[in-house]
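See structure below.
Indexing begins at 1, ligand by ligand and atom by atom, following the structure's order.
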Amino acid sequence: MSDAPALLPVEEARARILGLCTPLPTEWVPGDDALGRALAEDVLARRTLPPWDNSAMDGYAVRGGDLTGPLPVRLTVGETVFAGRRPTREVVPGTCARIMTGAPLPPGADAVVMRERTRTLAGALDAVEILEAAGPGNFVRPRGEDAKEGDVLLRRGTPLGIPELGLLWAQGQGTVPVPRRPRVAVLSTGDELCRVDEPPGDGIVDINAPTLALAVRRAGGVPTLLGIARDTREAVQEALARTEGFDVVLTSAGVSVGDHDFVKDALEALGVEQRFWRVAIKPGKPLVVGQRGATLFMGLPGNPTSSLVTFELFVRPALRRLLGHADVEPPRVAGRLEGKLSKAPGLAHFVRVTATWRAGELWARPLGTQTSGALRSAAAATHLLHFPRDTSSLTDGSHVELVPLSWVA
Ligand code: AMP
Ligand code: MG
């Protein structure tokens with residue numbers, strides 16, 4: 001029997017971690033560098049866009065009232081209006097203007113008929129036959145459809161995707177306020193580890209540092225590799241003492257109950273206050289979380305798959321909170337289980353699955369190997385299937401919750 005504290009449910013562990021994180025100070029960056037980040041403040045529209053009613057089609061700007069009788073209706077064409085030019089004449093009854101997509105609607109006109117619904121008349125260049133009626137607003141893009149000056153264009157916490165950045169650029173806004181990127185230190189621990197460019201001898205290559213660093217970068221953080229600390233209290237402590245100025249420190253391995261598991265002791269010796277240790281989850285049970293000043297310490301388990309799964313479920317949400325995202329929880333989608341699963345109650349399992357769309361549903365097939373030591377089991381996974389803590393069996397076709405993985409290519 002161990003004297004370890006009770007295991008925290010996954011949701012509570014995540015809530016406690018998020019409670020330790022607040023968005024980092026704001027920096028103004030060019031839009032390119034803001035992609036995928038979240039706004040640090042509400043952005044108001046400086047411009048009304050489009051600035052005028054304009055045509056959604058190449059065609060003819062008309063008065064809808066001219067087209068209420070029998071069709072076709074013959075109208076006199078007053079002028080041609082191009083995008084980027086201003087109309088010069090009013091469209092009076094019995095007339096229209098040729099108009100191109102994006103050109104401002106001339107005064108008097110209230111609708112557009114697309115060119116395909118008209119017929120030009122041989123020998124009568126200034127006339128057109130309209131074949132179809134057009135109610136007010138037909139194919140007109142109204143002024144202010146994209147933005148109205150002074151209105152909130154995008155709210156704080158909104159992630160900046162490509163169209164969001166387009167909206168800001170349309171406003172003439174080239175730089176964007178976002179929380180600065182978290183600085184994340186990554187430390188591997190273990191006597192058996194060597195760098196990828198070293199011969200492993202009796203040991204193994206340190207996979208966690210480079211994979212976690214990539215995961216950090218993909219989540220929007222800036223990773224710094226601190227190298228490998230050997231399995232002594234002093235070595236781990238010395239490495240962790242070099243973490244001043246980091247927002248988050250990730251360690252891997254050495255957090256379990258093995259004879260050489262010194263991460264918890266080293267954190268304590270450095271004055272890091274432990275917030276919790278161990279979560280009711282598989283893989284990833286030995287996760288330890290602590291805090292010193294503004295630095296969050298997260299001791300991830302050593303098995304490469306466990307460290308990636310805990311990254312996904314606990315570290316990534318923390319980084320997203322630091323990056324100011326309104327929505328920080330791991331994403332979830334509904335799916336069906338292909339096959340069946342069973343386990344003892346007590347731990348929530350996050351089963352690596354390959355999910356494919358079939359007959360209108362997402363079907364999740366558990367990968368053959370689920371041991372956390374085998375990285376192969378993470379390699380083909382597209383989602384994690386949440387097998388709840390107190391459930392012991394899931395039958396074929398069960399409705400399940402799937403977490404899309406951020407680590408897929
Ligand atoms: P530990 O928590 O130290 O007992 O480590 C658990 C397992 O993860 C052991 O099999 C370790 O060899 C393995 N492991 C620990 N760190 C790494 C790493 N950085 N890269 C690959 N495997 C690791
Ligand atoms: Mg170890």
Run the numbers for me: atoms of ligand 1, each under 4.0 Å from some heavy atom of [X], listed by number.
X: Gly254; answer: 1 (P), 2 (O), 3 (O)
X: Ser188; answer: 19 (N)
X: Asp206; answer: 18 (C), 19 (N), 20 (N)

Residue pairs passing the ring pair (Phe, Tyr, Trp, His ring centres under 6.0 Å) test where at least one lies in residues 302-334, sequence neighbours excluded: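 For residues 302-334: none.
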message: Are any of the N/O atoms on Ser256, whether in the backbone or the side chain, positioned under 3.5 angstrom from an N/O atom of ligand 1?
response: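 Not met; the criterion fails.
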task: For ligand 1, find out whether one of its N or O atoms is nearer than 3.5 Å to an N or O atom of Ala209.
output: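 No, no N or O pair falls under 3.5 Å.
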message: Less than 4.0 angstrom from a charged side-chain N to a carboxylate O is my criterion; do Glu361 and Arg336 meet it?
response: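 Judged by the 4.0 Å cut-off on N to carboxylate O distance, Glu361 and Arg336 do form a salt bridge.
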Charged N-O contact under 4.0 Å between Glu329 and Arg14: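 The answer is yes: the pair qualifies as a salt bridge.
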task: Mind checking side chain to side chain contact (heavy atoms under 4.5 Å, CB included) for Ile204 and listing every partner two or more places apart, or none if nothing turns up?
output: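 By the side chain to side chain contact (heavy atoms under 4.5 Å, CB included) rule, Ile204 matches Glu192, Leu193.
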query: Which part of Leu193 is near ligand 1, with near meaning a heavy atom under 4.0 Å away: side chain, backbone, both or neither?
result: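 Looking at Leu193 and ligand 1, just side chain atoms fall under 4.0 Å.
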- prompt: Relative to atom 4 (O) of ligand 1, which among Asp191, Ile204, Asp261 owns the nearest non-hydrogen atom?
  reply: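 Shortest heavy-atom distance from atom 4 (O) of ligand 1: Asp261.
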- request: Check Arg37, Arg180, Arg181 against Glu27 for a salt bridge (Lys or Arg N to Asp or Glu O under 4.0 Å) and give me the one that passes.
  value: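 One option only clears the test, and that one is Arg37.
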